[in-house]
Amino acid sequence: MNDTSPAGAPAAARYDARSAEPRWQAAWEARGAFAVPDVPPPDARKYYVLEMFPYPSGKIHMGHVRNYTLGDVVARYKRARGHLVLHPMGWDAFGLPAENAARERGVHPAKWTYENIAAMRAELKRMGLSLDWSREFATCDPEYYGQQQRLFLDFWRAGLVERKESWVNWDPVDGTVLANEQVIDGRGWRSGAPVEKRQLSQWFLSITKYAPELLDALGTLDRWPERVKLMQANWIGRSEGARVRFALTEPVRDIREVEVFTTRPDTLFGMSFLAVAPEHPLAAAVAERNAGAAGFIAECRRMGTSEAAIEQAEKRGFDTGLRVAHPFVEGAGFPVWIANFVLMEYGTGAIFGCPSEDQRDLDFARKYGLRVLPVVLPTGADPAAHSIGDTAFTGDGTIFNSGFLDGLSTGDAKRAAIKALEERGAGDGVVNWRLRDWGVSRQRYWGCPIPVIHCEACGAQPVPANQLPVKLPDDVDFSRPGNPLDHHPTWKHVDCPSCGEPARRETDTCDTFVDSSWYFARFCSPRAAAPVTREAVDAWLPVDQYIGGIEHAILHLLYSRFFTRAMMATGHASVAEPFAGLFTQGMVTHESYRGADGRWLYPEEVERAAEGGAALHRETREPVTVGRVEAMSKSKRNTVDPGAIIERYGADTARWFILSDNPPERDMEWTESGVAGAHRFTQRLYRLVVGAVPGLPPPGTGAADATGAARRLRQAAHRSIAAVTEALETFAFNSAVARIHELANAIGDTEAAAADRGMASARREALEIATRLVAPMMPHLAEELWAMLRPGEAALVAELPWLEADPALLATETVTLAVQVLGKLRATIEVPAGADEATILAQAEAEENVRRAIDGRPVRKRIHVPGRVVNFVV
RNA sequence: GCCCGCCUGAUGGAAUGGUAGACAUAGCGGACUUAAAAUCCGCAGCCCGCAAGGGCGUGGGGGUUCGAGUCCCCCGGCGGGCACCA
């Protein structure tokens, strides 16, 4: 910014964040203001604040700035409230982008990652976060992932690790396993080749063993957003239903029956077909002798493994020609289809289709001309007239067309059907879970090696503890496709720890979600020679306030909840729930711009006359099309570099704008005018203090007996303490900002009367209050102001306790009541705080406007809500 | 497709079921200045009216209530997640 002071003006006329911020950061660091011990002293009230650690992509982005600002406000506030605050930072450093960089630019993933970390650490430090940097680590440090390997082996011994087959996206041209995001419209992102599903033997963590507990314990998480708990509950997906066995009329190979899971056994009589997933063993058996089936299955394989892609694809099926018997209907045979919308991972991988009461089944039946027999009659409907068109009836009602179930409610019919199935040996009532075990194997280099050795004779063997960590080899070749660990010349060749014969190292590495499933525990004792130090995790866990993006609402948080339980089962922790409080922030968005040639433009390339006004290219002066406001992304170039913002305005301005713009759980829009406005406020506060200091009395004198305007200023200041405190407690940071604006306005209004003695004392008090209320949000500015208000004082604002409002100054003498007639506002009245109801009602009814609205009609009811409203019903 | 959210002036938003629009941004008018920036003061939901006042108004439609931005139902738009992006 080119806001140079006019020549001759005192240098202090403007706040220079660029020189002040590093100065205060150095002061905090010199005093070790934010460092805490691994094991807090027994009398300490601990508080663990954690923000989701960043992936080291190279530069911090506004989402990080928002996340870490929110956490820092909480950390600084809780520290002021007398807590010993653990507030660490680290790096989620394994993952695909490092490998992509290696393949595209020939940089080693480790070099790329550690250089990115160094750059991002420097940027974070400039934000003035109250972090204990001595605890920093990266998940790609062998000290970290080595401990993770110990955990993995402990879990294995505890029966929480399994080896199973599962499906992956395979790029047949690149010869590589693809992540879902690398599959675009069913093709590999680099090769463009149609993707195939392939079955691999992989490592799984047995999260399903904890499914009931993970579901039930959601009820104890009272400081989690309801929607996150709902999403997790749906994801875990407990459902009660029946497993039904359908006998094939003639066996295929050795398969004699098909087992189906259904939540709607009440609709069994409405069945018109049975469908199995393309990966179902029956489908494979049919394909052996039926080329059409084999072709259909091959087509389904090209859909990839993403559930979204599968469910959005057009529903298609293949009639196998097989038939199954119905458990309740003598002699009826129903066709068996292979269908692309049946998921092998859910239930038994097979369904029975009742088109009348299920929309997907109905769409399928209409497409292939299968029977649609209604079996649930909506309450009050005429059985003769009820028919199904294009919409299935999925609600409750009375069963009909269903033999022995006729006349029962859907609920009773479910129970009756299950009972009948059990009697006939054709099925059972069961509880089914949607949650699947966690496949952690990745066929990639840049991850934590899974510490296993495969031996022909002994099978899979754990790597002995004295050989941990299993380190990644440095000399890897990214010029070939596939997993560099797999085609490394020597790395995988080891001797079996059990029999000593030549064996093969596991070349799969861990899903990076494993790395982030226990980092919060590691932060408690980051240099421990074991995964954790028990005294440290027992003292610090759970995290009291966890803050991060809503995009992690399910997977990361659920995996962490599972991991903590697994750590408890293996003696590494004493709590089951890692995060007592959770706050999910919204994204940072920005307008997007396109130039005349259709290319995306960066915000700094665009000049706007005014908000909503015409936009021009800063250099070419060509018109610019202003696009939608959307999440900042490199591809749309609608990003703002936090480094540049901090360089220009200072960290406090960026922090203040981020906090002031909107509620933190919502998406915020980054606007240039908004930052400029935030920056103006930093200058305004500074000016208020600089201007006032020469006329202020010494600290702590004469405010108590203030009267008139001075007392009103004191009331405003103390009400600000109460309001800002309340706002900080509830994450209403934008409201806290508004209240501080109001206080600054109130102080500004008293400038003319500053010479008055009582007022001068009140102004000192109000300025000190404003300074300390602003401190969690703009910590550097607060220190600067405090140093001017209290020169020579030893303590920094960062070390001061939080303020308490004087209750005497919070009380109000009169209240304003809204007076309504039939719910419409007609007047407001001013009444003394303790006035009795009869007086208030009389005063309200006497109001000119109220009398006119009542218009002589009899008043049927008088409603008085104390302190709020009076309503006359006529 | 399925699960979960969100929608209030020009803009971001405020509002224990009780005065809708606090606070801020942009805008307009004024003061200061040779001028600009900065700063300070004032105006401001929409419509009718000189005013007093009245009508309408929180994505659309319906409902519950003395009273609905807030609770319920339906619809629309936008966003997050869908198990190998992190």
Side-chain angles (χ1 to χ4, degrees), chain A residues 2-3 6 14 52 54-55 57 92 94-97 168-169 177-183 225-228 230-231 233-235 237 305-313 315 341 345 359-360 435-444 511-513 516 549-556 558-559 584 586-587 589 610-613 628 630-631 660-663 665-669 671 673-674 676-678 680-681 683-684 687 732 734-735 737-742 745 748 751 816-828 849 852 860-863 865 867-873:
Chain A
N2 298 319
D3 45 28
R14 286 187 72 76
M52 290 178 184
Y55 179 79
S57 56
D92 188 13
F94 276 135
L96 274 180
V168 295
N169 299 309
V177 176
L178 297 176
N180 280 336
E181 73 156 7
Q182 297 173 325
V183 179
E226 285 304 319
R227 60 175 163 147
V228 173
L230 239 182
M231 282 191 266
N234 289 336
W235 185 263
T305 60
S306 135
E307 189 177 315
I310 292 167
E311 291 211 354
Q312 264 163 289
K315 289 169 192 55
F341 65 91
E345 290 81 11
Q359 192 60 46
R360 275 193 308 196
L435 184 67
R436 309 200 296 260
D437 275 334
W438 176 12
V440 296
S441 284
R442 298 293 182 270
Q443 294 68 43
R444 307 192 199 293
D511 178 6
T512 56
F513 272 124
S516 56
I550 185 69
E551 68 272 19
H552 294 293
I554 297 175
L555 291 178
H556 162 60
L558 192 62
Y559 289 148
T584 53
M587 294 183 306
T589 66
E611 214 81 10
R628 302 192 320 168
E630 52 192 319
S660 68
D661 186 64
N662 69 348
E665 68 275 17
R666 274 197 232 174
D667 289 352
M668 77 165 285
E669 185 187 349
T671 60
S673 60
R680 271 200 298 278
F681 184 73
Q683 296 298 347
R684 180 163 145 76
R687 239 182 358 259
N734 56 326
S735 293
V737 167
R739 298 291 85 80
I740 290 171
H741 275 292
E742 283 170 351
N745 290 342
E751 233 147 36
T816 309
L817 289 182
V819 184
Q820 302 175 338
V821 178
L822 287 170
K824 272 186 189 293
L825 181 75
R826 294 301 171 185
T828 57
N849 239 352
R852 186 163 46 215
R860 283 212 336 257
K861 205 164 161 188
R862 293 174 175 81
I863 292 153
V865 182
R868 294 278 177 191
V869 78
V870 172
N871 191 11
F872 296 107
V873 184

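Order of the sequence lines fixes the chain letters, A, B, ..., with proteins taken first and strands second; residue numbering starts at 1 for each chain. Small disclaimer: the values here were computed from a predicted structure and weren't measured.
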Original post:
For the side chain of D511(A), counting heavy atoms from C-beta on, which of G80(B), C2(B), C84(B) is nearest?
Top reply: C84(B)

Original post:
Of the candidate nucleotides A14(B), A83(B), G53(B), which contains the atom at the shortest distance from the side chain of E307(A)?
Top reply: A83(B)

Subject >> Below 4.0 Å: OP1/OP2 of G67(B) and any side-chain N or O of R868(A) >> reply: no

Subject >> Atom-to-atom span, CG of L825(A) to C1' of U19(B) - whole angstrom >> reply: 5 Å

**OP:** Sticking with atom C1', work out how far G1(B) lies from U70(B), rounded to a whole angstrom.
**Re:** 32 Å

Original post:
Counting only distance, no hydrogens or angles, is the base of C84(B) paired donor-acceptor with the side chain of Q443(A) under 3.5 Å?
Top reply: yes

Subject >> Complementary nucleotide of U58(B), counting Watson-Crick and G-U pairs under 3.5 Å >> reply: none

Original post:
Given atom CD of E665(A) and atom C1' of G79(B), what is their separation to the nearest angstrom?
Top reply: 15 Å

**OP:** Give I740(A) one of three labels, base, sugar-phosphate or nothing, depending on what nucleic acid heavy atoms sit under 4.0 Å from its own.
**Re:** nothing

Original post:
With both distances under 3.5 Å as the test, what is the Watson-Crick or G-U wobble partner of C82(B)?
Top reply: G1(B)

**OP:** Side chain of S735(A) only, please: which of U19(B), G80(B), A15(B) is the nearest?
**Re:** A15(B)

Original post:
In whole Å, what separates the C1' atom of G18(B) from that of U39(B)?
Top reply: 41 Å

**OP:** Determine: side-chain N/O of N180(A) to OP1/OP2 of C82(B), distance under 4.0 Å, yes or no.
**Re:** no

Subject >> Spacing of the P atoms in G42(B) and G59(B) (rounded, Å) >> reply: 32 Å

**OP:** Describe the nucleic acid contact of K824(A) in one word from base, sugar-phosphate, nothing, applying a heavy-atom distance below 4.0 Å.
**Re:** sugar-phosphate

Subject >> Rounded C1' spacing from G45(B) to C40(B) in Å >> reply: 27 Å

Original post:
Under 3.5 Å, is there an N or O donor on one side and an acceptor on the other linking the side chain of N871(A) and the base of C66(B)?
Top reply: yes

Original post:
If you round to the nearest 0.5 Å, how far is NE2 of H556(A) from CG of D92(A)?
Top reply: 8.5 Å

**OP:** For the side chain of D92(A), starting at C-beta, report the closest nucleotide among C6(B), U39(B), A86(B).
**Re:** A86(B)

Subject >> Phosphate OP1/OP2 of A24(B) contacted by S660(A) side-chain N/O (<4.0 Å) >> reply: no

**OP:** For nucleotides U8(B) and A15(B), find the distance between their C1' atoms and express it as a whole number of Å.
**Re:** 11 Å

Original post:
If you look at every strand shown and take non-hydrogen atoms under 4.0 Å, does V183(A) touch a base, only sugar-phosphate, or nothing?
Top reply: nothing

**OP:** Quote, to the nearest angstrom, the P distance that separates U33(B) from G27(B).
**Re:** 24 Å

**OP:** State the pairing partner of G21(B); accept Watson-Crick or G-U wobble contacts with both distances under 3.5 Å, and report none otherwise.
**Re:** none

**OP:** Have a look at V865(A) and say if it touches a base, only the backbone sugar-phosphate, or nothing, with a 4.0 Å heavy-atom cut-off.
**Re:** base

Original post:
Nearest to the side chain of T828(A), which nucleotide is it out of U25(B), A24(B), U19(B)?
Top reply: U19(B)

Subject >> Any-strand Watson-Crick or G-U partner of C6(B), both distances under 3.5 Å >> reply: G77(B)

**OP:** Would you classify R687(A) as touching base, sugar-phosphate or nothing, given that sugar-phosphate means primed atoms plus P, OP1 and OP2, and contacts are heavy atoms under 4.0 Å?
**Re:** sugar-phosphate

Original post:
Rounding to the closest angstrom, what is the interatomic distance between C43(B) and G60(B) at atom C1'?
Top reply: 33 Å

Subject >> Minimum-distance pair of heavy atoms, taken over all atoms of T305(A) and N169(A) >> reply: N-OD1, 2.9 Å

Subject >> Nearest to side-chain heavy atoms of F513(A), which nucleotide of A83(B), A86(B), C84(B) >> reply: A86(B)

Original post:
Taking the C1' atom of each, how far is A14(B) from A83(B), in whole Å?
Top reply: 40 Å

**OP:** Identify whether any heavy atom of T816(A) sits under 4.0 Å from a base atom; if not, whether one sits that close to sugar-phosphate; answer base, sugar-phosphate or nothing.
**Re:** base

Subject >> A38(B) OP1/OP2 closer than 4.0 Å to side-chain N/O of R684(A) >> reply: no

**OP:** Would you please confirm or rule out a distance under 4.0 Å between OP1 or OP2 of G13(B) and any side-chain N or O of N662(A)?
**Re:** yes

Original post:
Which part of the nucleic acid, if any, lies within reach of A553(A) when heavy atoms closer than 4.0 Å are counted: base, sugar-phosphate only, or nothing?
Top reply: nothing

Original post:
Checking all strands, does V168(A) fall into the base, sugar-phosphate, or nothing category for heavy-atom contacts under 4.0 angstrom?
Top reply: base

Original post:
For S441(A), which contact category applies under a 4.0 Å heavy-atom criterion: base, sugar-phosphate, or nothing?
Top reply: base

**OP:** Starting from C1' on A83(B), measure out to CG on L178(A) and report it in whole angstrom.
**Re:** 16 Å

Original post:
Could you go step by step and tell me if D511(A) and W438(A) meet the side chain to side chain contact (heavy atoms under 4.5 Å, CB included) rule?
Top reply: CA-CA 9 Å; D511(A) 178 6; W438(A) 176 12; 3.0 Å; yes

Subject >> Residue N234(A), side-chain heavy atoms: nucleotide from C4(B), A24(B), A26(B) that is nearest >> reply: C4(B)

**OP:** Report yes if a side-chain nitrogen or oxygen of R442(A) is closer than 4.0 Å to either non-bridging phosphate oxygen (OP1 or OP2) of C84(B); otherwise report no.
**Re:** yes

Subject >> Nucleotide nearest Q820(A) (side chain, heavy atoms from C-beta), chosen from C85(B), G13(B), U19(B) >> reply: U19(B)

Original post:
Base, sugar-phosphate, or nothing for L230(A), non-hydrogen atoms under 4.0 angstrom?
Top reply: sugar-phosphate

Subject >> Contact under 4.0 Å: R826(A) side-chain N or O vs U19(B) OP1/OP2 >> reply: no

**OP:** Please work out if R739(A) contacts a base, only the sugar-phosphate, or nothing of the nucleic acid, heavy-atom cut-off 4.0 Å.
**Re:** base

Original post:
With sugar-phosphate meaning primed atoms plus P, OP1 and OP2, does W235(A) contact a base, only sugar-phosphate, or nothing at under 4.0 Å between heavy atoms?
Top reply: base

Original post:
Looking only at N and O atoms, is any donor in the side chain of R14(A) or the base of A38(B) less than 3.5 Å from an acceptor on the other one?
Top reply: no

Original post:
Which nucleotide, in any strand shown, forms a Watson-Crick or G-U wobble pair with G49(B), with both distances under 3.5 Å?
Top reply: none

**OP:** Could you tell me which nucleotide pairs with G42(B) by Watson-Crick or G-U wobble geometry, both distances under 3.5 Å, or answer none if nothing does?
**Re:** C28(B)

**OP:** Name the nucleic acid region contacted by H552(A), choosing base, sugar-phosphate or nothing; use a 4.0 angstrom heavy-atom cut-off, strictly under.
**Re:** base

Original post:
Can you check the E551(A) CD to C4(B) C1' distance for me, whole Å?
Top reply: 14 Å

**OP:** May I ask you to verify if any side-chain N or O of N849(A) is less than 4.0 angstrom from the OP1 or OP2 atom of A52(B)?
**Re:** no

Original post:
With a non-hydrogen cut-off below 4.0 angstrom, is R227(A) in contact with a base, only sugar-phosphate, or nothing?
Top reply: sugar-phosphate

